[in-house]
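For ligands, and for the atoms within them, numbers begin at 1 and follow the listed sequence.
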Amino acid sequence: MMLDANAEAKAAQKSEDGSDRSQFVMDETTIVAQSVLFLVIGFDISSSLLTFASYELALHEEIQQRLRLEIVSALEKHGEENIYEAVQDMPLLEMVFNETLRKHPPLAKIDRACTDDYTIPDTSIVIDKGVHVCIPVLGLHYDPEYYPEPEKFIPERFSPEEKSKRSPYVFLPFGIGPRNCVASRFALLSTKVAMVYLLKNFEISICEKTQIPYKYSRFTMLLKAEKGIWLNIKPL
Ligand code: HEM
């Protein structure tokens with residue numbers, strides 16, 4: 001179904017360009033490539049988000065406590081059978097996840113291919129048709145102009161008031177525009193539910209093997225810690 005949606009989106013894009021919708025064909029290679037993307041991204045990126053959020057919560061015990069209280073109270077109010085509604089009623093969880101995605105965006109850069117010669121407004125810089133442009137997501141997320149003291153984990157940067165003061169183009173964990181992540185809502189919902197049950201039942205803390213700060217791996221496409229993230233998980 002998602003492959004169909006992807007194909008339709010591409011076809012729609014083509015017709016916007018004036019070409020024939022019926023020209024779009026998904027051959028075997030494209031189907032295999034898309035399926036691998038779904039498997040790798042679906043599993044690996046979501047687990048990355050959960051891991052980095054756990055890492056930050058282990059380093060910030062006070063935030064972990066506050067979040068656990070929020071989770072317990074929302075579950076009591078809505079009931080575990082209404083987990084979807086309960087998760088929507090957890091503003092701190094939303095801020096913690098956004099701040100985690102800012103500090104540790106699993107895709108540290110995104111790319112676009114220029115489809116027409118383009119002059120950057122008010123400059124003489126021309127990006128020629130066919131040139132590939134790299135958007136440095138990690139660089140934007142650590143720019144102190146938008147995020148003062150960017151090394152610090154401050155979920156309140158993502159309160160509605162603070163968010164409204166910034167351009168949406170400086171927070172790009174899921175990319176932006178017509179080719180952004182097709183599954184951002186699903187990814188956030190599923191990882192949030194996992195975090196709810198993790199924090200409800202376990203305490204997360206650092207251990208002697210936790211690297212602070214961790215070093216980035218130079219050999220992976222997704223942003224990863226060179227030696228993995230090691231934490232203690234203790235039943236409550
Ligand atoms: C926390 C989890 C995730 C993050 C941070 C993430 C991030 C991203 C980013 C940055 C892009 C590129 C967007 C762009 O170039 O503007 C992308 C594309 C994509 N993502 Fe995700 N993703 C996540 C989870 C998932 C999951 C769970 C799936 C599928 C089940 C998925 C499927 C895709 C697909 C198919 C694309 C390509 C879209 C296209 O080219 O039109 N992602 N994702």
Side-chain angles (χ1 to χ4, degrees), residues 1-17 21 24-57 84 87 90 93-115 118 127 131-143 147 153 155 157-158 163 167-198 216-217 220-225 229:
M1 195 183 86
M2 289 185 97
L3 287 175
D4 279 354
N6 211 356
E8 271 172 28
K10 280 192 177 170
Q13 222 173 1
K14 284 207 160 191
S15 69
E16 274 167 26
D17 299 344
R21 274 183 81 120
F24 182 76
V25 178
M26 268 200 132
D27 60 16
E28 201 179 319
T29 312
T30 312
I31 292 172
V32 171
Q34 292 287 329
S35 307
V36 170
L37 188 77
F38 267 81
L39 281 179
V40 172
I41 289 187
F43 185 76
D44 214 13
I45 300 204
S46 300
S47 90
S48 241
L49 170 56
L50 199 57
T51 304
F52 286 127
S54 303
Y55 173 75
E56 292 292 354
L57 291 172
Y84 179 83
V87 163
M90 297 180 187
L93 182 61
E94 169 81 8
M95 293 193 290
V96 163
F97 268 43
N98 279 340
E99 180 66 343
T100 302
L101 286 166
R102 178 192 70 80
K103 281 195 75 184
H104 318 277
L107 279 171
K109 67 167 182 71
I110 50 178
D111 306 286
R112 290 292 184 274
C114 191
T115 51
Y118 177 76
I127 304 173
V131 164
H132 282 244
V133 180
C134 166
I135 297 122
V137 175
L138 192 68
L140 287 166
H141 287 190
Y142 276 78
D143 188 332
Y147 302 103
F153 184 77
R157 294 183 205 271
F158 288 92
K163 252 169 76 174
S167 156
Y169 295 103
V170 298
F171 182 58
L172 303 174
F174 294 103
I176 201 151
R179 299 307 301 262
N180 71 349
C181 180
V182 286
S184 56
R185 289 203 182 128
F186 165 74
L188 278 175
L189 180 64
S190 54
T191 38
K192 278 180 179 178
V193 170
M195 181 54 87
V196 163
Y197 285 103
L198 189 60
Y216 297 135
S217 164
T220 51
M221 194 182 83
L222 298 179
L223 190 142
K224 296 255 172 177
I229 299 280

Could you list the atoms of ligand 1 found under 4.0 angstrom from a heavy atom of Leu49?
1 (C)
Location of contacts on Leu37 toward ligand 1, heavy atoms closer than 4.0 Å
side chain
Is there side-chain contact between Thr100 and Tyr55, with heavy atoms separated by less than 4.5 Å?
no
What atoms of ligand 1 come closer than 4.0 angstrom to any heavy atom of Val182?
32 (C), 33 (C), 34 (C), 35 (C)
Should Asp111 be counted as touching ligand 1, given the test is an N or O pair under 3.5 Å?
no
Rounded distance (nearest 0.5 Å) linking atom CD1 of Ile127 with atom CZ of Arg112
13.0 Å
Atoms in ligand 1 with a heavy atom of Gly175 nearer than 4.0 Å
10 (C), 13 (C), 14 (C), 16 (O)
Asp44 side chain reached by Lys224 side chain, heavy atoms, under 4.5 Å
yes
What I'd like to find out is whether the side chain of Leu101 reaches to under 4.5 Å of the side chain of Pro106, using heavy atoms alone.
yes
Using side-chain heavy atoms (C-beta onward) and a distance below 4.5 Å, is Glu56 in contact with Pro155?
no
So, do Arg157 and Arg102 sit near enough that their side-chain heavy atoms are less than 4.5 Å apart?
yes
What about Gln34: any of its N or O atoms under 3.5 Å from an N or O on ligand 1?
no
Below a 4.0 angstrom heavy-atom separation, can you tell me which part of Cys181, side chain or backbone, both or neither, approaches ligand 1?
both
Which atoms from ligand 1 have a heavy atom of Ile176 less than 4.0 Å away?
16 (O)
Could you tell me, atom by atom, which parts of ligand 1 come under 4.0 Å of a heavy atom of Ala187?
2 (C), 24 (C)
Between the main-chain N or O of Lys103 and the side-chain N or O of Tyr142, is there a donor-acceptor pair closer than 3.5 Å?
yes
Find all atoms of ligand 1 within a distance of less than 4.0 Å from any non-hydrogen atom belonging to Arg112, and give their numbers and elements.
14 (C), 15 (O), 16 (O)
Heavy-atom pair with the smallest gap, counting every atom of Ile31 and Met26
CD1-O, 3.8 Å
Report the member of Pro178, Ser190, Pro173 with the shortest heavy-atom distance to atom 10 (C) of ligand 1.
Pro173
